[in-house]
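Worth saying up front: this structure is predicted, and the values here are computed from it rather than measured.
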Amino acid sequence: MDATDKVARHILGYQAGQLVAYARVFRKAGHVTFGRVLTIPEQRGTGLGRQLMVQIEAEIRRNFAGEAISIEAQIDKQHFYEKFGYAAIGAVFDFNGTPHIRMDKAGL
């Protein structure tokens with residue numbers, strides 16, 4: 001847990017009582033962002049990530065309608081986010097030892 005968890009909106013995905021997907025949505029420095037987007041390894045490739053993104057964007061529409069969205073995506077997930085209309089901005093940067101890139105999308 002960190003300080004952001006106290007103010008973030010948490011999206012939890014369960015199947016048969018097991019937590020299988022998670023993300024958090026929050027406002028940061030004048031924009032909306034989301035992070036810690038994950039699905040358990042056994043569910044990867046099943047479409048669960050796409051379902052999670054639908055829920056993330058629904059949460060943004062409900063609580064942050066019209067606000068710009070900016071995320072820090074792991075570089076190997078860039079193409080996944082592009083499918084949802086996110087565009088890479090700037091150069092790749094290191095975040096906790098993993099290459100990331102900023103990606104933006106107009107408000108929902």
Heavy-atom closest contact (I56 atom, A23 atom, distance):
CD1-CB, 3.6 Å

Indicate if V92 and M103 have the same hydrophobic cluster label, given that clusters are the connected sets of ILVMFWY residues with side-chain heavy-atom separations under 4.5 angstrom.
yes

One should read off an interatomic distance between R36 CZ and L38 CG, to the nearest 0.5 angstrom, of 9.5 Å

Over 12 foreign heavy atoms within 6.0 Å of NZ, K28
no

Between D5 (side chain only) and A8 (backbone N and O only), is there a donor and an acceptor less than 3.5 Å apart?
no

Nearest-0.5 Å distance, OG1 of residue T33 to CZ of residue R102:
10.0 Å

Report, as yes or no, whether the 6.0 Å neighbourhood of atom CZ on R61 holds more than 12 heavy atoms from other residues, nucleotides or ligands.
yes

Should F80 and I101 be regarded as members of a common hydrophobic cluster, given that ILVMFWY residues are connected when their side-chain heavy atoms come within less than 4.5 Å of each other, either directly or indirectly?
yes

Indicate if L12 and M53 have the same hydrophobic cluster label, given that clusters are the connected sets of ILVMFWY residues with side-chain heavy-atom separations under 4.5 angstrom.
no

Is there a side chain to side chain contact (heavy atoms under 4.5 Å, CB included) between R50 and F84 once you walk through the steps?
CA-CA 9 Å; R50 287 187 298 278; F84 292 91; 4.0 Å; yes

As an exercise, state the distance from CD of E59 to CZ of F64, rounded to the nearest 0.5 Å.
7.5 Å

How long is the span from the CZ atom in R27 to the CZ atom in R9, to the nearest 0.5 Å?
9.5 Å

To the nearest 0.5 Å, how far apart are CD1 in I75 and OG1 in T98?
11.5 Å

Would you tell me whether Q55 and Q51 have side-chain atoms, one donor and one acceptor, within less than 3.5 Å of each other?
no

Do you know which of E57, E67, E82 makes salt bridge (charged side-chain N to carboxylate O under 4.0 Å, His left out) with K105?
E57

Out of curiosity, D2 CG to K6 NZ, how far, rounded to the nearest 0.5 Å?
9.5 Å

Is there a donor-acceptor contact under 3.5 Å from the side chain of R24 to the main chain of F34?
no

Check: N63 side chain, I60 main-chain N or O, donor-acceptor pair, under 3.5 Å:
no

Out of curiosity, does Y22 fall in the hydrophobic cluster containing I71 (side-chain heavy atoms, cut-off under 4.5 Å, transitive links)?
no

Okay, side chain of T39, backbone of L48: is any donor-acceptor separation there less than 3.5 Å?
no

In terms of hydrophobic clusters joined by side-chain contacts under 4.5 Å, are F95 and Y81 together?
no

